[in-house]
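Notes to accompany the following structure.
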Amino acid sequence: MGLFDKKNCDICGEKIGLLGNRKLDDGNLCKNCASKLSPWFEERRHSTVEDIKRQLAYREENKNAVRNFSVTREFSADRYHVFIDDNKGMFAIAFNMSEQDNPDIVPLSAITSCRLDIDEQREEEEYTDQDGESRSYVPPRYNYSYDYKIKLGVNTSWFDDMDFKLNTFSVRDHERAKMMNYEQLASQIITALTGAPAPAPVYSNGMMNQGYPQQGNMMNQGYPQQGGMMNQGYPQQSGMMNQGYPQQGNMMNQGYPQQGGMMNQGYPQQSNMMNQGYPQQGNMMNQNAPQHGTMMNQNAPQQTSGDTWVCACGATNTGAFCEYCGSPKP
């Protein structure tokens with residue numbers, strides 16, 4: 001037989017068109033019969049003709065399960081829907097719950113694992129110089145995008161996973177509302193399917209995000225966040241720890257300005273704080289620079305030396321006016 005000779009389907013016996021053959025381990029499958037297989041089935045190429053016949057028999061029986069399925073809860077992503085029948089302890093993941101679509105009806109007890117997987121992509125941002133050439137920023141700047149996928153493991157006869165995406169289009173890093181909505185939806189789906197709180201999301205690149213925005217119960221080591229998170233580099237809001245830049249609330253910051261009950265080891269502060277390097281106001285301790293109010297200063301000179309003079313506020317000056325409180329030289 002020639003390479004382009006028409007073949008017959010080993011399931012239904014119909015002739016297979018030129019581009020319609022679906023190769024099996026020991027035979028051929030037409031496009032029409034292949035469309036009746038479970039959408040979660042991935043082992044067609046390694047299946048025998050008998051394997052396919054048995055699955056198609058299962059798929060016919062599944063239509064009865066679809067007819068008897070009563071939706072008690074439904075969670076809607078962009079394309080996929082999660083349908084749950086709490087009365088029978090069954091669920092399905094499909095575009096529609098209909099006999100025509102024939103979604104696989106699976107027992108909730110068959111679920112072996114369920115988590116949110118976040119696929120993070122980044123693209124470097126460039127600018128055009130005066131010669132019209134594209135240049136990288138120093139340090140480099142990146143635009144991030146995210147895809148949200150539920151990784152669902154199951155124990156069935158025909159497939160062992162039912163992974164599906166929550167979003168149709170990638171979410172940009174500035175679309176904070178969308179990011180939070182997908183995370184909340186994922187948490188609801190995982191809890192509904194497993195009966196347990198959702199675990200922390202997993203990044204498909206094998207690491208937490210070390211550079212750019214996140215929302216939800218996550219850890220970020222570089223840039224802005226919102227919610228119960230830890231950030232080691234840039235601004236945050238809510239109950240968080242930040243080791244580098246401005247914060248608000250009950251936080252610790254080792255480098256830059258803060259407000260509230262905080263500790264800062266490097267730059268100006270306000271309210272009940274300790275600062276080891278720069279001017280302060282209020283009930284504070286400063287070991288280096290002049291202070292105002294009820295304070296202790298262990299370094300500033302207190303006696304006149306040469307052309308210098310000491311103001312009533314305790315600051316040492318050389319000009320006609322105190323450079324801290326503005327009082328004239330006595």
Side-chain angles (χ1 to χ4, degrees), residues 9 11-12 20 22 24 29-119 147-169 181-196 198-199 201 204:
C9 175
I11 304 300
C12 66
R22 303 294 185 267
L24 300 176
L29 182 70
C30 71
K31 185 177 180 180
N32 182 51
C33 288
S35 67
K36 299 177 182 179
L37 298 174
S38 168
W40 310 109
F41 181 61
E42 300 173 341
E43 299 297 323
R44 187 257 307 165
R45 285 182 173 272
H46 304 292
S47 299
T48 64
V49 172
E50 286 302 315
D51 291 335
I52 298 302
K53 288 182 178 180
R54 287 192 300 110
Q55 183 178 160
L56 290 177
Y58 146 73
R59 292 287 290 163
E60 284 299 314
E61 295 176 358
N62 189 75
K63 291 181 179 180
N64 291 325
V66 173
R67 285 192 290 267
N68 296 323
F69 192 94
S70 178
V71 179
T72 56
R73 284 184 290 170
E74 179 180 347
F75 301 90
S76 302
D78 287 0
R79 295 182 63 201
Y80 286 94
H81 294 244
V82 178
F83 302 98
I84 297 178
D85 184 343
D86 291 291
N87 298 322
K88 298 183 178 64
M90 299 289 186
F91 78 95
I93 299 172
F95 304 133
N96 297 292
M97 177 55 69
S98 67
E99 186 176 342
Q100 181 178 357
D101 290 340
N102 195 19
D104 292 274
I105 306 301
V106 182
L108 288 168
S109 59
I111 295 175
T112 59
S113 63
C114 189
R115 73 172 193 266
L116 170 62
D117 185 275
I118 302 177
D119 181 20
D147 290 303
Y148 297 81
K149 178 184 288 187
I150 295 293
K151 303 283 286 186
L152 179 61
V154 293
N155 183 16
T156 72
S157 300
W158 301 107
F159 47 86
D160 55 14
D161 64 73
M162 301 172 72
D163 302 342
F164 62 98
K165 284 179 62 176
L166 300 180
N167 57 300
T168 301
F169 302 101
N181 287 339
Y182 285 122
E183 287 187 25
Q184 291 176 343
L185 176 60
S187 179
Q188 293 170 358
I189 290 174
I190 294 171
T191 300
L193 292 177
T194 65
S204 60

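Because only heavy atoms are used, hydrogens play no part in the values below, and waters and symmetry mates are left out as well, while side chains stay in. Since we're looking at a predicted model, the values are computed, not measured. Quick note: residue numbers are just sequence positions, from 1.
- Legend: salt bridge (charged side-chain N to carboxylate O under 4.0 Å, His left out) pairs involving residues 149-169, not counting sequence neighbours, sorted by first then second residue: Asp147-Lys165, Lys151-Asp163.
- Arg22 meets the salt bridge (charged side-chain N to carboxylate O under 4.0 Å, His left out) test with no other residue; sequence neighbours excluded.
- Partners of Ser38 by side chain to side chain donor-acceptor pair (under 3.5 Å), not counting sequence neighbours, listed by chain and number: Asp104.
- Contact of the Phe75 side chain with the Leu166 side chain is not registered, since no non-hydrogen atoms from C-beta on lie closer than 4.5 Å.
- To the nearest 0.5 Å, atoms CG (Asn167) and CG (Asp119) are separated by 9.5 Å.
- When all heavy atoms of Ile105 and Asn62 are compared, the pair lying nearest together is N-OD1, 3.1 Å.
- Residues meeting the side chain to side chain donor-acceptor pair (under 3.5 Å) test with Glu50, sequence neighbours left out: none.
- Partners of Asn32 by side-chain contact (heavy atoms from CB on, under 4.5 Å), not counting sequence neighbours, listed by chain and number: Cys30, Ser35, Lys36.
- Considering only heavy atoms from C-beta on, Ile84 comes within 4.5 Å of Leu193 through its side chain.
- With sequence neighbours excluded, no residue satisfies salt bridge (charged side-chain N to carboxylate O under 4.0 Å, His left out) with Glu43.
- Closest heavy-atom contact between Val66 and Glu99: CG1-N, 3.8 Å.
- Rounded to the nearest 0.5 Å, atoms CG (Leu37) and CD1 (Ile52) are 5.0 Å apart.
- For the pair Ile111/Val106, no side-chain contact is recorded, criterion being any heavy-atom separation below 4.5 Å from C-beta on.
- Once rounded to the nearest 0.5 Å, the distance linking OG1 of Thr156 with CE of Met162 reads 8.0 Å.
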side-chain contact (heavy atoms from CB on, under 4.5 Å) between Phe164 and Val82, worked out: CA-CA 10 Å; Phe164 62 98; Val82 178; 3.7 Å; yes
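- Inter-residue side-chain proximity for Leu152 and Thr112 is flagged as unmet; no heavy-atom pair is nearer than 4.5 Å.
- Remark: Asp101 engages Asn96, Ser98, Pro103 in a side-chain contact (heavy atoms from CB on, under 4.5 Å) (not counting sequence neighbours).
- Counting all heavy atoms, side chain and backbone alike, Phe83 lies closest to Ala94 at CE1-O, 3.9 Å.
- Closest approach of Thr191 to Ala198, counting heavy atoms only: OG1-N, 3.8 Å.
- In this view, Lys63 and Glu60 satisfy the salt bridge (charged side-chain N to carboxylate O under 4.0 Å, His left out) rule, not counting sequence neighbours.
- Leu185 and Ala77 get closest at one heavy-atom pair: CD2-CA, 3.9 Å.
- Scored by the side chain to side chain donor-acceptor pair (under 3.5 Å) test, Arg44 finds no partners at all (sequence neighbours excluded).
- Phe91 is not listed as a side-chain neighbour of Pro107, based on a closest heavy-atom distance of 4.5 Å or more.
- Using the six-membered ring where Trp is involved, Phe159 and Trp40 have ring planes that are tilted, between 30° and 60° apart.
- For Thr48, the side chain to side chain donor-acceptor pair (under 3.5 Å) criterion is met by Asp51, not counting sequence neighbours.
- Side-chain contact check for Phe69 versus Val71: some heavy-atom pair is nearer than 4.5 Å.
- Annotation: side-chain hydrogen bond (donor to acceptor under 3.5 Å, both in side chains) contacts involving residues 69-81, sequence neighbours excluded, comprise Thr72-Asp86, Arg73-Asp86, Glu74-His81, Ser76-His81, Asp78-Tyr182.
- Summarising the geometry, atom CD1 belonging to Ile11 is positioned 6.5 Å from atom CG belonging to Leu24; distances are rounded to the nearest 0.5 Å.
- Among all heavy-atom pairs drawn from Cys33 and Leu56, the shortest one is O-CD2, 3.9 Å.
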